[in-house]
Amino acid sequence: MGSVITKETILQDNVYLKKLSGLEPVDDYDPFWNKLLSFSLKFDDEDEDTRNALESALDDHLQCLMYNTQTTGNFAAFIRLFLRRATELKASEQCENKIYLWQTSNALLILRYIARFLTQRMTEKEFVRIFAKYRESEENESSSTSSSSDEDADEDEESSNKQENGNYNNNEQTKEPSIVFQNTAEEFTYELVSILINISVNDTTLAIHVEAVRCLLTLLSSQLYNESIVNTSIVFRFFIDGACAQHAAGLTKTLLLNYLIHNSEYHMTVQKPQESIVFGLASSMWSMVQMATGLDSAEEEKKPPLTLGNLSILLLLNLSCHQPLSASNPFKETLALFQNSQEVSTLPTQVVSFKIDYNGLYERLCATAGQEPPMLLLYMLLQANSGFRNYVLSRINLENLVVPVLRILHDGVATSNNSHHVYLALIVALILSEDDIFCKIIHETPIKDLGWLDSDFSVREISLGGLTALVFIRAIQKNALKTKDRYLHTNCLAALANMSAFFKNLAPIVCQRLISLLDLLTKRHAKMVDHMRVSSQNDVAGGQPINFHDDITALEEGIRTLLEIINSALCGGLRHNTHLIYNLLYHRALFDAYVQHPMFQDLLVNIAAVISHFSSKVINVPAGDGVTMLQIIEKEANVWPTDKLAKFPELKFRYVEDEYTVDFFVPYVWRLSVQHSGIHFETSRIKIFNAQSIA
């Protein structure tokens, strides 16, 4: 280092890296550090071989550092150096000391690589301990004997922490008197948080912010290397009830503002004027660092660029989804409580974590809902923050949010890819459908941009409500034929049921697909019953029976829900659904199968009444004259009293978050972090999820 690192650079021979990782102790005041931190990386960011060579070369040095720092204390010295530099960072930013800022971002870059390497190979306790590991001679001064046991090591750490805070830096002078750090690792974490909150983002500090976020993700990454959810993580405790917890609101607000504002692709090309120091960390860190992707080339193109905003959301999701055993999560609570900065609260006594512009957040979520991290953030906000949820539901441009959500569900089901993203899109739609005003507005909102729909849907214009129903019906149909995912099946039906009382002027294609879906489930039900009968006969003959009971039950529940949806639509808007009535008449024979079925008899009363009444009115219409038939149906629907229809309980399903969602979200958030952070976590070491699927 102390140079420009290009494709041809041989890092194995770099004297500064050798000294850092070697057997010689380096004092944290040694001029060596300025030389180590004065480097640039410049090579083709599309050259994967170069990126891999860089990783491999660094790993050789980091392997030596991991062992040697136990006696040299060089990593601890590096940390002390950074903590001291951090106290001067604000002043350097204000006076635009670009050399100082450049070296600080370089320090964070190196520390991130070190932390990534060590967290993959050490227990979290061992990793935290080396933050304060002094040189052996200094340890001997504070202890009469040297021991390799954990107990003595803990005593050394406590002693060194006291010495460090007292003699090696003056951070105590710049921090609130109430802060007491458990260890140096917590102090380092706290400084990273302080940088994000207190240092403004501009061209000269962007690299520092990006690397601070990625350092925090790396410090938290011990979870990746555990098969089960770790509720006792040392580093997470810094955020849950340690020094960082008191800045939960400030950090959450900062990360959200980054998401709203800083969305230019990360290009770290900084040139120090007048001093010929060029800082060119490739053209984009997004493509410089080897990614763990596992996506095909078509999907890869859809990946969001590496931006400070996208990285900030990954960190926020990690902090919010973690759930400790014996304490609440202040970041999750903060997300639930922040309010709109553009409104004056009518509840002055309500606890407010901070205020942010709801409209800016809404617009940004609309623009990025097609990406996985923002979709998870949207879910969390709708589920927990009632103020933001009500704001979203009151928008007159709901289509900007709903259409991207529907496209995720539409495209995912088309490829039988019932991924986390598809499930989140489904739950978001279900949460929105719980609101009556939403269900009413979407049926009054026209949609014309429908080029993304299946080619077999010849639709030029449709209401947002009709489009939503069509996507859900299609999802249920494809699921019934292919994946048979009961979770998707149930929640799609629930969302349809929530909207059914507000069905209005449904397009012909929607009504056709609704009845076709009922027909499909009916035929599959009859087929399953026959299979069960044959299987039962085989059992009598000594064969091994197949259990069809669960499939039959699921189909019966689906059929009943569809019949309830039709009833709800007829009772709630008979005169507004002439195409639905038309399709009931056209498929009247389908409903004969339900008349004698005890599970469906009660739901046939209204449908039979509608079919009987309107059939009598169109009996003289020539076959094939659909236009005349629709005119008669429309006229009769306006005068036929709907009070003749039997009343059923309101169809309303609500999403309730399971208490064990942490088992779903923690692995998912870390999968997103591996895919989208630009940090090369070794997939072969990851245990929290099946990393080979993205390797």
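The structure presented is a predicted model; accordingly, all values stated were derived computationally and were not measured.
- A donor-acceptor pair is defined here as one N or O able to donate and one able to accept, closer than 3.5 Å; such a pair exists between the side chain of Arg560 and the backbone of Met599.
- Checking side-chain atoms of Arg407 against main-chain N and O of Gly370 turns up no donor-acceptor pair under 3.5 Å.
- Inter-residue side-chain proximity for Glu634 and Asn638 is flagged as met; some heavy-atom pair is nearer than 4.5 Å.
- Between the CG atom in Leu224 and the CZ atom in Phe681 there is a gap of 5.5 Å [rounded to 0.5 Å].
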Checklist entry - Does the side chain to side chain contact (heavy atoms under 4.5 Å, CB included) test come out yes or no for Thr628 and Leu630, once each step is laid out? => result CA-CA 5 Å; Thr628 301; Leu630 280 171; over 6 Å; no

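- Counting all heavy atoms, side chain and backbone alike, Asn606 lies closest to Ala646 at OD1-N, 2.6 Å.
- Among all heavy-atom pairs drawn from Ile313 and Pro373, the shortest one is CG2-CB, 3.9 Å.
- The two residues Trp670 and Leu220 make their nearest non-hydrogen contact at CZ2-O, 3.3 Å.
- Judged purely by atom type and a 3.5 angstrom limit, Asn567 uses its side chain to pair as donor or acceptor with the backbone of Leu603.
- Applying the side chain to side chain donor-acceptor pair (under 3.5 Å) criterion to Ser516, with sequence neighbours excluded, gives no partner residue.
- Phe665 has its ring centre no less than 6.0 Å from the ring centre of His420.
- Sparse packing is recorded around NZ of Lys527, with 12 or fewer heavy atoms of other residues, nucleotides or ligands lying under 6.0 Å away.
- Evaluation of the ring pair (Phe, Tyr, Trp, His ring centres under 6.0 Å) test over residues 566-596, restricted to residues two or more places apart or in two chains, returns Tyr594-Phe600.
- At distances below 3.5 Å, not a single donor-acceptor pair connects side-chain atoms of Ser568 with backbone N or O atoms of Ile565.
- Between the side chain of Glu564 and the backbone N or O of Ile559 there is no donor-acceptor pair closer than 3.5 Å.
- Using a cutoff of 4.0 Å between basic side-chain nitrogens and carboxylate oxygens, Asp436 and Lys440 are not scored as salt-bridged.
- Side-chain contact check for Tyr423 and Tyr668: no donor-acceptor pair (N or O, by modelled atom type) lies under 3.5 Å.
- The structure places CD1 of Ile581 at 12.0 Å from CD1 of Ile566, a figure rounded to the nearest 0.5 Å.
- Annotation: the span from Leu406 atom CG to Leu426 atom CG amounts to 10.5 Å, rounded to 0.5 Å.
- Looking only at side-chain heavy atoms (C-beta outward), Phe472 and Asn491 stay at 4.5 Å or farther from each other.
- In this structure Asp663 satisfies the side chain to side chain donor-acceptor pair (under 3.5 Å) test with no other residue, sequence neighbours excluded.
- Of the possible donor and acceptor atoms, one in the side chain of Thr490 sits under 3.5 Å from a partner among the backbone N and O of Arg486.
- Distance alone, capped at 3.5 Å, is enough to place a donor-acceptor pair between the His410 side chain and the Asp454 backbone.
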Next on the checklist: For Ile509 and Arg513: C-alpha separation, side-chain torsions, deciding distance, then whether side chain to side chain contact (heavy atoms under 4.5 Å, CB included) applies.
Outcome noted: CA-CA 6 Å; Ile509 185 67; Arg513 291 305 174 103; 3.9 Å; yes

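- Of the candidates Leu377, Leu381, Thr334, Leu377 is the only one forming a side chain to side chain contact (heavy atoms under 4.5 Å, CB included) with Leu256.
- Among all heavy-atom pairs drawn from Pro508 and Asn583, the shortest one is O-ND2, 4.4 Å.
- Two rings, from His443 and Phe502, have their centers 6.0 Å or more apart.
- Counted by atom type alone, Tyr391 and Asn359 present one or more donor-acceptor pairs between their side chains at under 3.5 Å.
- A distance-only check finds no donor-acceptor pair linking the side chain of Thr661 to the backbone of Glu657 [under 3.5 Å].
- Using a 4.5 Å heavy-atom threshold, the side chains of Phe648 and Asp602 count as touching.
- No side-chain heavy atom of Ser677 sits less than 4.5 Å from a side-chain heavy atom of Leu672.
- Lys647 NZ to Cys571 SG: the interatomic distance, rounded to the nearest 0.5 Å, is 5.0 Å.
- With 3.5 Å as the limit, one finds no donor-acceptor pair spanning the side chains of Ser233 and Gln223.
- Of the possible polar contacts, one joining the Asn329 side chain to the His322 backbone as a donor-acceptor pair under 3.5 Å is found.
- Applying the salt bridge (Lys or Arg N to Asp or Glu O under 4.0 Å) test to Lys617 and every residue at least two apart in sequence or in another chain returns nothing.
- Under the salt bridge (Lys or Arg N to Asp or Glu O under 4.0 Å) criterion, Arg389 pairs with no residue, sequence neighbours left out.
- A heavy-atom distance below 4.5 Å is not found between the side chains of Val428 and Val402.
- Across all their heavy atoms, Ile476 and Cys492 have their closest contact at CG1-CB, 3.5 Å.
- For Glu682, the side chain to side chain contact (heavy atoms under 4.5 Å, CB included) criterion is met by Asp59, Gln120, Arg121, Ser684, Arg685, not counting sequence neighbours.
- Annotation for Cys511 and Leu506: closest pair SG-CB, 3.7 Å, computed over non-hydrogen atoms.
- How far CG of Asp519 is from CG of Leu514: 11.5 Å, rounded to the nearest 0.5 Å.
- Judged purely by atom type and a 3.5 angstrom limit, Asn385 uses its side chain to pair as donor or acceptor with the backbone of Leu335.
- If you take CG on Leu314 and OG on Ser673, they are separated by 5.0 Å, rounding to the nearest 0.5 Å.
- Remark: the Asp485 side chain and the Asn479 side chain contain no N/O donor-acceptor pair separated by less than 3.5 Å.
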